[in-house]
2 protein chains.
Amino acid sequence: MSERKEFRDLATPAEATAAIEDLDLTPDPETVPLREARGRVLGARIDAAIDVPGFDRASVDGYAVRAADTVGADEADPVELDLVGEVHAGEAPDVTVPAGGCAEISTGAVLPEGADAVVMVERTDSVSGGDAASDRTVRVRTSLAPGDRVMFAGADVAAGERALGPGTELGPREIGLLAALGVDEVPVRGRPVVGIVSTGEELVRPGGDLDSGAGQIYDVNSYTTATAVEAAGGEARLYPHAGDDYDAMERVLREAATECDLVLSSGSTSASAVDVIYRVIEERGELLLHGVAVKPGKPMLVGRLVGSERGSDASSDEGSESDGGCAYVGLPGYPVSALTIFRTFVAPAIRDAAGLPEARTATMEGTMAVAERYAEGRLRYMPAGLVTDGGGRTLVYPVDKGSGATTSLVEADGVVAVDPDVEYLDAGESVTVQLFSPDVRPPTLFGVGEDDPLLSTLLDRVARGPRPASGERGDPRATVSTTHRPRYLGVGSREGLRRLRDDVPDVAVTSAPGPVEVDHEPVGAWTREWGLVVPAGNPEGVDGLADLADRDLRFVNRTTASGLRTSLGNAVADLAAERGVDRHDVVDAIDGFDAGTRAHESPARRVLAGRADAGLGLRATAADLDAGFVPVGEETVHVLANPDRVEKPGVNALERAIAEADAAIAELPGYGRP
Amino acid sequence: MSERKEFRDLATPAEATAAIEDLDLTPDPETVPLREARGRVLGARIDAAIDVPGFDRASVDGYAVRAADTVGADEADPVELDLVGEVHAGEAPDVTVPAGGCAEISTGAVLPEGADAVVMVERTDSVSGGDAASDRTVRVRTSLAPGDRVMFAGADVAAGERALGPGTELGPREIGLLAALGVDEVPVRGRPVVGIVSTGEELVRPGGDLDSGAGQIYDVNSYTTATAVEAAGGEARLYPHAGDDYDAMERVLREAATECDLVLSSGSTSASAVDVIYRVIEERGELLLHGVAVKPGKPMLVGRLVGSERGSDASSDEGSESDGGCAYVGLPGYPVSALTIFRTFVAPAIRDAAGLPEARTATMEGTMAVAERYAEGRLRYMPAGLVTDGGGRTLVYPVDKGSGATTSLVEADGVVAVDPDVEYLDAGESVTVQLFSPDVRPPTLFGVGEDDPLLSTLLDRVARGPRPASGERGDPRATVSTTHRPRYLGVGSREGLRRLRDDVPDVAVTSAPGPVEVDHEPVGAWTREWGLVVPAGNPEGVDGLADLADRDLRFVNRTTASGLRTSLGNAVADLAAERGVDRHDVVDAIDGFDAGTRAHESPARRVLAGRADAGLGLRATAADLDAGFVPVGEETVHVLANPDRVEKPGVNALERAIAEADAAIAELPGYGRP
């Protein structure tokens with residue numbers, strides 16, 4: 001690996017914040033149409049250019065009068081006025097109200113000349129003295145003061161008044177006021193343009209073809225980061241991956257620096273790629289900071305990068321030249337780490353440059369569900385999942401212990417900041433979780449355990465997916481909100497039971513035969529037929545477990561966490577007993593028994609990919625993938641609730657879904673009721 | 001006014017909610033590109049179609065080995081392995097690791113055949129036995145188990161696993177996971193299309209020309225409602241105003257019913273327009289509800305409307321036919337009322353149809369700053385403004401007592417639900433404010449009083465408007481967030497002092513001469529020259545107040561709330577004294593003295609519009625509008641703080657802004673320091 005100058009110490013979080021604040025991300029102001037101004041921030045003060053209303057306006061339906069004519073009038077002693085005409089909203093009055101006269105007027109209409117007040121129709125009687133309108137008079141049963149029921153021109157907003165100040169975020173109310181002023185083009189703060197450069201030869205854009213054999217994976221961080229940039233009020237631009245060699249990286253980084261207000265490299269786990277970026281920043285800009293004393297902030301880079309000459313966006317170009325380059329921040333490679341560092345250090349700078357107020361504080365108090373130990377000597381952001389216990393308390397459990405798994409992205413609800421001097425968080429200890437967004441709420445149902453196709457369908461029912469096309473339409477129940485947010489981790493039966501013992505999940509799902517040693521309340525159960533998934537038509541004529549041991553067949557097993565694996569183990573033991581041999585002899589004879597795949601479809605998929613002759617799986621999976629199937633046995637899938645969570649609505653919803661699952665069970669080959 | 005069938009009683013709020021829930025707003029599902037999926041709601045479950053990673057992946061930089069070869073190795077007794085090659089991320093391995101061998105491997109690379117573990121480079125030494133790479137060996141100082149530092153294929157996500165459930169709102173984390181799965185087209189819930197039909201002949205779209213003489217005003221409710229619809233997760237469509245006659249209204253309403261999932265009429269204060277809509281719904285659909293026992297819900301309509309045949313959107317067309325018509329809701333005419341009814345009854349139905357969770361509860365506890373009395377016999381939503389007092393308590397004060405002013409839109413932060421049996425809310429009583437949005441926060445500076453151009457500029461400074469173009473760029477202070485949200489109501493000096501006496505605002509601004517009878521702390525002051533604004537070049541040769549009394553000139557005054565008006569009154573009194581006459585004689589001799597306009601520019605604008613010969617105003621205003629000016633006097637503008645708010649940061653910021661205002665004062669003709 002190439003040599004690099006190391007910064008003597010890691011920067012403190014405060015130094016990192018200051019370094020990024022010093023970078024200038026401010027975009028040029030813009031003008032947008034009123035209809036597109038929602039969520040934007042006013043760039044300049046708006047003074048009213050007109051009076052609102054622009055005329056003396058009737059506030060009620062009634063009659064325009066001269067107040068002087070009504071002095072002393074009341075129910076007992078009304079005054080009669082001659083009706084001289086009428087004025088409707090949106091019309092120029094064609095009458096003048098003389099002394100002793102009045103004109104019918106509707107709400108919002110222009111007060112006619114001569115009149116100085118309006119009497120509401122409810123306080124009048126219309127008296128017809130004959131056919132001709134001119135003969136009609138109106139009896140007024142109340143006395144009025146000048147200005148009664150009239151909104152004078154400019155009474156709402158007067159021309160020249162300060163209407164909205166710069167920095168105002170535009171919502172329905174502000175946009176309504178701008179509309180009242182006739183403003184249809186709004187000066188707003190620009191959104192900082194954030195270029196995202198992905199690094200790592202192994203990255204492929206979603207939708208592209210993946211060559212797993214060549215170690216390719218889909219680019220996650222560019223999409224996570226781009227979405228987070230937009231959520232922070234920036235405009236994200238993804239730059240095509242151009243290879244990790246110096247020239248390619250320099251070209252794309254400097255192009256981005258020319259066109260953007262901030263360049264982020266979305267992070268790479270590839271040390272060589274990081275080295276290359278590091279050199280580009282050093283040679284084509286200025287490296288201000290390398291590494292922050294925050295786990296996971298060690299790989300973070302902050303600097304400036306001078307744009308290339310052939311920039312399309314002149315103004316940003318100027319901007320970036322003016323202060324020695326465009327802002328640059330390099331994020332860590334693991335998805336949760338990248339998002340955590342982005343939220344902590346970069347998002348606030350983007351919001352600020354966009355003129356948005358600081359993000360609403362989004363924290364939640366909770367108690368540790370399990371103990372957690374640290375060797376760390378620096379501030380650590382522990383990714384954390386949330387679940388509410390029976391008493392409505394929020395429990396917090398650690399997620400993703402440095403695995404860099406993408407699934408951690410959706411398992412973690414936020415992070416807990418753990419001080420450098422803390423080496424141990426005990427179960428039951430109170431902690432504060434910084435939520436990934438203010439909208440984050442704990443799942444209403446948290447399950448762990450065996451991976452099962454029926455379970456997936458039932459979880460969808462609980463979550464209430466898309467409305468059934470026509471039937472239920474208009475049915476009130478069909479329009480009830482999505483009330484449940486289930487979270488399910490397919491960690492296998494064994495691990496599921498272990499976590500249930502720790503009191504973390506609401507329910508555990510197990511298909512492992514034999515008694516359950518964990519405290520629980522049964523929620524429901526179903527049976528599923530399992531066996532060997534083979535290629536369609538069973539070309540090798542596999543006819544059971546014995547074949548796996550006796551013939552030269554490549555087999556794909558599940559991991560020991562899987563209940564299916566336990567069922568297989570039992571069946572192998574029976575076979576060994578039949579033959580009067582030790583089960584290990586049978587196990588050793590099966591090629592591939594010891595390796596293991598995680599999910600229920602994996603073995604079948606390897607078989608179909610021609611990488612094996614038989615795989616452990618379900619009849620339902622074989623049918624779904626059009627593979628062959630050799631039955632071996634049946635097992636029962638049990639859904640077990642944490643005893644103190646049985647009252648949780650999410651658990652009840654799942655219980656109901658299982659009870660009503662007959663149709664779904666009938667649709668799945670090999671499925672049944674215990 | 002036309003006859004209409006009246007519903008016997010007003011519906012209860014619960015009945016109104018149920019009626020709207022029964023209407024079906026559900027749009028058809030859609031598919032969107034991953035990059036545009038932020039904030040959308042997953043329409044169907046996403047199962048993983050691939051393993052992540054798709055191969056056995058090295059988690060660190062180091063060497064791929066056979067664990068068996070390292071048994072017993074440690075710092076004291078390392079094992080030496082022959083280096084047989086290298087594997088980089090994104091490459092297919094071109095080596096197989098034999099017993100006793102190893103291959104250099106980088107993080108993310110494919111584990112080569114033969115190897116079953118990776119040792120991190122930090123635990124090894126590279127030993128060069130000669131020039132040829134083949135001669136190199138690697139010393140391993142630790143022993144490994146199979147799988148160490150390897151992420152097996154599918155360990156993160158396994159093909160066939162349930163990744164995300166239907167109803168999941170898509171944020172950065174979910175989009176990251178979808179990217180990892182290679183998903184680039186996402187099935188999402190549709191956004192309900194909401195058609196907004198504006199009514200009232202008097203309404204003009206912002207940007208259009210306004211004929212005030214004909215009583216035209218700009219359309220506010222369509223824009224407020226459209227923005228609120230989008231904030232609730234719907235897609236808003238504005239339909240052009242087509243006139244209030246039956247045929248025009250029927251045409252546009254039924255066109256909207258054909259193309260949308262919900263039609264809203266954005267409300268009109270014109271009774272005739274409401275009558276017409278009412279008839280269209282009755283004759284072309286079904287009227288389900290008219291009027292809700294909520295102030296301001298009396299004019300609310302709920303019903304169904306059958307679309308016209310010539311509909312462009314076939315699917316919605318079906319939809320609307322299928323259940324007797326498209327959903328329709330008619331909102332009240334006053335802006336704050338329309339928004340309140342929308343938030344209470346319509347927004348939840350739109351969020352639900354879009355599949356979004358219920359809106360975050362957005363309420364704030366506060367205490368009434370002033371007493372409020374009600375005649376109401378029904379539930380009332382009182383529009384309320386918020387301000388924090390010196391002790392950080394949130395004070396609540398009523399806004400818009402039925403005036404229908406558009407300024408109430410930005411003066412109100414939310415509504416207080418007042419029960420039907422409550423006739424009186426006392427000052428100091430605790431109330432709960434339902435905020436107009438979760439982002440609403442009380443202004444950090446709340447001022448009321450005189451309307452003044454310098455003050456507007458200073459408020460901008462406090463609010464921190466757009467960044468100065470180049471100078472300050474890169475200056476850290478220039479990138480500090482917008483920390484202040486000032487709110488200022490130009491109610492005039494007199495009203496400002498009255499409200500300060502009630503302890504509502506933080507500061508009051510007065511230019512009225514004479515002592516101030518209200519408890520206060522001075523914040524700052526400046527002087528301004530006032531007089532008569534006349535047409536450019538002063539064609540009438542007006543040379544002072546005397547002319548107004550002696551000659552036949554049309555004068556435009558300010559309202560008695562204005563301090564300027566008080567200064568004028570004093571000057572008139574002096575003139576009367578000079579002449580030894582009663583001041584009323586002078587006042588009566590001035591044509592227009594008794595009428596009054598609200599804001600500082602209004603008189604000048606009337607003069608320039610040729611509607612008067614002279615107007616009360618400031619030299620600065622005359623200069624700004626290129627009008628002529630006849631000086632009469634100078635007055636001092638005082639900014640007075642509520643004594644227990646002097647410590648508020650917003651008040652301090654304004655104090656600082658005034659102290660540093662010399663440049664701004666120098667720019668305003670006639671301005672100076674006291």
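Residue numbers begin at 1 in each chain, while the letters A, B, ... track the order of the sequences.
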query = Does any N or O in the side chain of A/Q216 come within less than 3.5 Å of the main-chain N or O of A/D211, such that one atom is a donor and the other an acceptor?
reply =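 Yes: the side chain of A/Q216 pairs with the backbone of A/D211.
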message = For A/A353, is there any backbone N or O sitting under 3.5 Å from a side-chain donor or acceptor partner on A/R189?
response = yes
For [X], is it the side chain, the backbone, both, or neither that has a heavy atom closer than 4.5 Å to a heavy atom of chain B?
X: A/A37; result: neither
X: A/F152; result: neither
X: A/S456; result: both
X: A/L181; result: backbone
X: A/L177; result: both
X: A/L238; result: side chain
X: A/V52; result: side chain
X: A/L625; result: neither
X: A/L178; result: neither
X: A/E174; result: both
X: A/D219; result: backbone
X: A/A412; result: backbone
X: A/T597; result: neither
X: A/V440; result: side chain

Of all of [options], which one pairs up most often with chain A through heavy atoms under 4.5 Å apart?
options: B/T407, B/L34, B/T225; result: B/T407
options: B/P172, B/P486, B/G160, B/G176; result: B/P172
options: B/A153, B/S408, B/G154, B/A604; result: B/G154
options: B/V183, B/V110, B/T406; result: B/T406
options: B/V87, B/I175, B/L339, B/T621; result: B/I175

Highest number of heavy-atom pairs under 4.5 Å with chain B: which of [options]?
options: A/A179, A/G54, A/P335, A/A18; result: A/A179
options: A/Y488, A/F55, A/F436; result: A/F55
options: A/I217, A/L210, A/V204; result: A/I217
options: A/A180, A/A349, A/G165; result: A/A180
options: A/E601, A/H88, A/R598; result: A/R598
options: A/G90, A/A214, A/A599, A/S212; result: A/A214

Within the structure provided, determine whether [X] and [Y] are in side-chain contact (heavy-atom separation under 4.5 Å).
X: A/F342; Y: A/T224; answer: no
X: A/P453; Y: A/D624; answer: no
X: B/V41; Y: B/T168; answer: no
X: A/D61; Y: A/S106; answer: yes

Engaged part of [X] at the chain A interface, taking heavy atoms whose separation is under 4.5 Å:
X: B/S437; answer: neither
X: B/A236; answer: both
X: B/D51; answer: side chain
X: B/L170; answer: neither
X: B/T457; answer: both
X: B/A228; answer: both
X: B/L455; answer: neither

Give me the atom names and distance for the closest heavy-atom approach of [X] to [Y].
X: A/E201; Y: B/A89; result: CB-O, 4.1 Å
X: B/A155; Y: B/P53; result: N-CD, 4.3 Å
X: A/A158; Y: B/S602; result: CB-OG, 3.6 Å
X: A/V462; Y: A/H484; result: O-CB, 3.2 Å
X: A/D460; Y: B/R162; result: OD1-NH2, 2.8 Å
X: A/V410; Y: A/R487; result: O-NH2, 3.2 Å

request  = Report the residues that fulfil salt bridge (Lys or Arg N to Asp or Glu O under 4.0 Å) with B/E230, sequence neighbours left out, ordered by chain and then residue number.
outcome  =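 In terms of salt bridge (Lys or Arg N to Asp or Glu O under 4.0 Å), with neighbours along the sequence ignored, B/E230 is linked to A/R35, A/R38.
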Listed partners of B/R173 passing salt bridge (Lys or Arg N to Asp or Glu O under 4.0 Å), at least two apart = none
Rounded to the nearest 0.5 Å, how far apart are [atom1] of [X] and [atom2] of [Y]?
X: A/R351; Y: A/L25; atom1: CZ; atom2: CG; value: 14.0 Å
X: A/T26; Y: A/D352; atom1: OG1; atom2: CG; value: 7.0 Å
X: B/R57; Y: B/D156; atom1: CZ; atom2: CG; value: 9.0 Å

request  = List the steps and the verdict of salt bridge (charged side-chain N to carboxylate O under 4.0 Å, His left out) for B/D184 and A/R205.
outcome  = CA-CA 9 Å; B/D184 64 340; A/R205 284 277 159 95; over 6 Å; no
